[in-house]
Amino acid sequence: MSQTLHRVKDAYPTRTGSDYAVLDRPDPVVRGTAADGPIDADTLQGFEARGYLAIEKLVDAEELAVLQAELRRMSRDPGVRADERTIIEEKSRQVRSIFDVHRSSEVFKTIANDPRVVGRARQILGSEVYIHQSRVNFKPGFEGKEFSRHSDFETWHAEDGMPTPRAVSISISLSDNYSFNGPLMIMPGSHQKYVSCGGETPEDNYKKSLIMQGAGTPDKGTLTRFADEYGIDVLEGKAGGAVMFDSNCMHASNGNVSPYPRSNIFIVFNSVENTLVEPFGAAEPRPDYIGARDFTPAG
Ligand code: 6CS
Ligand code: FE
């Protein structure tokens, strides 16, 4: 039986050609409890309310040095640069992101499956988890371009076929994040609302959206109302720290005109009870290196 017949009414319609709309989120945010893993009750409560949590020090100096060395190695490898999983900045031609690093790099595969990371994801999502996507973002000094404001889940729902927002991202800082070098910015609490975006998904959208997102970025009116209601938290933090955030948080990051790079590794965990079906708002699913279709549990 085709998966289409299994599809219940889509609670998160988007890019259906109609106008923008703000919908309530019917699905819960945190499904585990403090007893289920390393996150304490207060921090879990904060994640439920704000949609994110910050970990001041996830890895120690030695582990961080290994991650940073791997980042440098990959960014200099001409084979990596030529690979379709590597996204190049439009103007500067510098490496913007490398996708699928949890499969192409032993070092990043190790940290992506580390109990300190997977244990937290399982606790938040209340189930076994698998890796939906991984990427390293470079955001080099002077040239690193911005990421316009968006909900990751809106894209994963529309283009990868992710049914509900039962997914969580972790961004591990590989360089210090200051207010001035393009750190992650999250609207706290915005994950409780879902912005159904207007327009439709262009053919092969990922070939452009990973350089600069177009479809799926909310309209200015909605973003202004969201900023007025939720505010904007700027996630500063030292290298080796991390931020975990709900898949539906409205987030962005500014360009980087400082001399200091803002590099991170970004890993997305999806619940094994929320595996991908066909896209809800695009003609074709995106390639496996962006939306994984291997649902083998992580860890
Ligand atoms: O399209 C995606 O899957 C990616 N785009 C952004 C801007 N954030 C999430 C994800 O890495
Ligand atoms: Fe994003």
Side-chain angles (χ1 to χ4, degrees), residues 12 14-15 51-52 84-90 95-104 108 112 130-139 144-163 165 167-174 177 182-187 190-191 194-195 197 199 201-218 223 226 232-235 242-256 262-270 274 276 279-282 284-293:
Y12 300 95
T14 190
R15 305 189 205 178
Y52 75 89
E84 64 173 342
R85 294 169 293 184
T86 299
I87 310 298
I88 304 294
E89 294 276 10
E90 195 84 64
V95 175
R96 176 175 171 87
S97 306
I98 304 173
F99 278 84
D100 212 33
V101 292
H102 70 286
R103 286 194 278 212
S104 63
F108 290 135
Y130 74 93
I131 296 173
H132 167 68
Q133 179 187 107
S134 68
R135 71 192 280 184
V136 288
N137 290 316
F138 284 79
K139 199 175 280 194
K145 287 287 163 271
E146 75 277 9
F147 285 83
S148 41
R149 205 164 287 284
H150 62 283
S151 153
D152 291 341
F153 170 67
E154 191 276 343
T155 289
W156 298 336
H157 185 66
E159 300 188 56
D160 299 336
M162 185 184 282
V168 62
S169 299
I170 184 165
S171 168
I172 306 173
S173 303
L174 302 183
N177 285 255
L184 178 62
M185 301 181 293
I186 293 179
M187 292 184 173
S190 59
H191 63 303
Y194 177 73
V195 180
C197 291
T201 305
E203 181 115 357
D204 284 347
N205 185 45
Y206 68 92
K207 290 183 178 164
K208 290 187 299 300
S209 68
L210 300 179
I211 297 175
M212 196 49 67
Q213 187 172 354
T217 50
L223 287 176
F226 266 46
I232 298 176
D233 285 359
V234 179
L235 283 297
V243 175
M244 292 188 86
F245 57 106
D246 177 84
S247 64
N248 187 44
C249 286
M250 199 54 75
H251 67 288
S253 60
N254 286 327
N256 181 9
R262 195 240 42 180
S263 309
N264 65 354
I265 173 171
F266 170 87
I267 306 154
V268 183
F269 293 96
N270 189 22
N274 189 42
L276 305 187
F280 289 83
E284 295 297 324
R286 298 194 297 178
D288 182 69
Y289 67 83
I290 303 176
R293 292 194 178 252

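As a basis for the values below, the full set of heavy atoms in this structure was taken, side chains included, without hydrogen atoms, waters or symmetry mates. Whatever order the structure lists ligands and atoms in, that order sets their numbers, starting from 1.
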> Side chain, backbone, both or neither: which part of Leu210 has a heavy atom under 4.0 Å from ligand 1?
side chain

> Spell out, as yes or no, whether a donor-acceptor pair under 3.5 Å connects the side chain of Ser247 to the backbone of Pro165.
yes

> Considering only NZ, NE, NH1 and NH2 on the basic side and carboxylate oxygens on the acidic side, decide whether Arg15 and Glu154 come within less than 4.0 Å.
yes

> Tell me the nearest of His150, His251, Met162, Glu159 to atom 6 (C) of ligand 1, using heavy-atom distances.
His150

> Among all the protein's non-hydrogen atoms, which is closest to atom 10 (C) of ligand 1, and how far away is it?
Gln133 OE1, 3.2 Å

> Could you tell me if Asn248 and Ser151 have a donor-acceptor pair between their side chains, going purely by distance under 3.5 Å?
yes

> For a quick check under 3.5 Å, do Thr155 and Gln213 share a side-chain donor-acceptor pair by atom type?
yes

> In the protein, which heavy atom is nearest to atom 1 (O) of ligand 1, and how far is it?
Arg286 NH1, 3.0 Å

> Who's the nearest protein heavy-atom neighbour of atom 8 (N) of ligand 1, and how far?
Asp152 OD1, 3.0 Å

> Would a 4.5 Å heavy-atom cut-off, applied to side chains only, mark Pro285 and Arg293 as touching?
yes

> Could you please compute the angle at the Fe ion (ligand 2) from NE2 of His251 to NE2 of His150, rounded to 10°?
80°

> Which atoms from ligand 1 have a heavy atom of Phe266 less than 4.0 Å away?
11 (O)

> Short question: side chain of Ser134, backbone of His102 - any donor-acceptor pair under 3.5 Å?
yes

> With the Fe ion (ligand 2) as the reference point, give the N/O/S atom of Asp152 that is nearest.
OD1

> Using a 4.0 Å cutoff against the non-hydrogen atoms of Gln213, which atoms of ligand 1 qualify?
7 (C)

> Apply side chain to side chain contact (heavy atoms under 4.5 Å, CB included) to Trp156 and Asn270, showing your working.
CA-CA 11 Å; Trp156 298 336; Asn270 189 22; over 6 Å; no

> Would you call the rings of His157 and Tyr194 parallel, tilted or perpendicular, taking 30° and 60° as the class edges?
perpendicular

> Taking 4.0 angstrom as the limit and counting only heavy atoms of Thr155, give me the atoms of ligand 1 inside it, by number and element.
1 (O)

> Looking at atom 4 (C) of ligand 1, what's its closest protein heavy atom, distance included?
Arg135 NH1, 3.4 Å

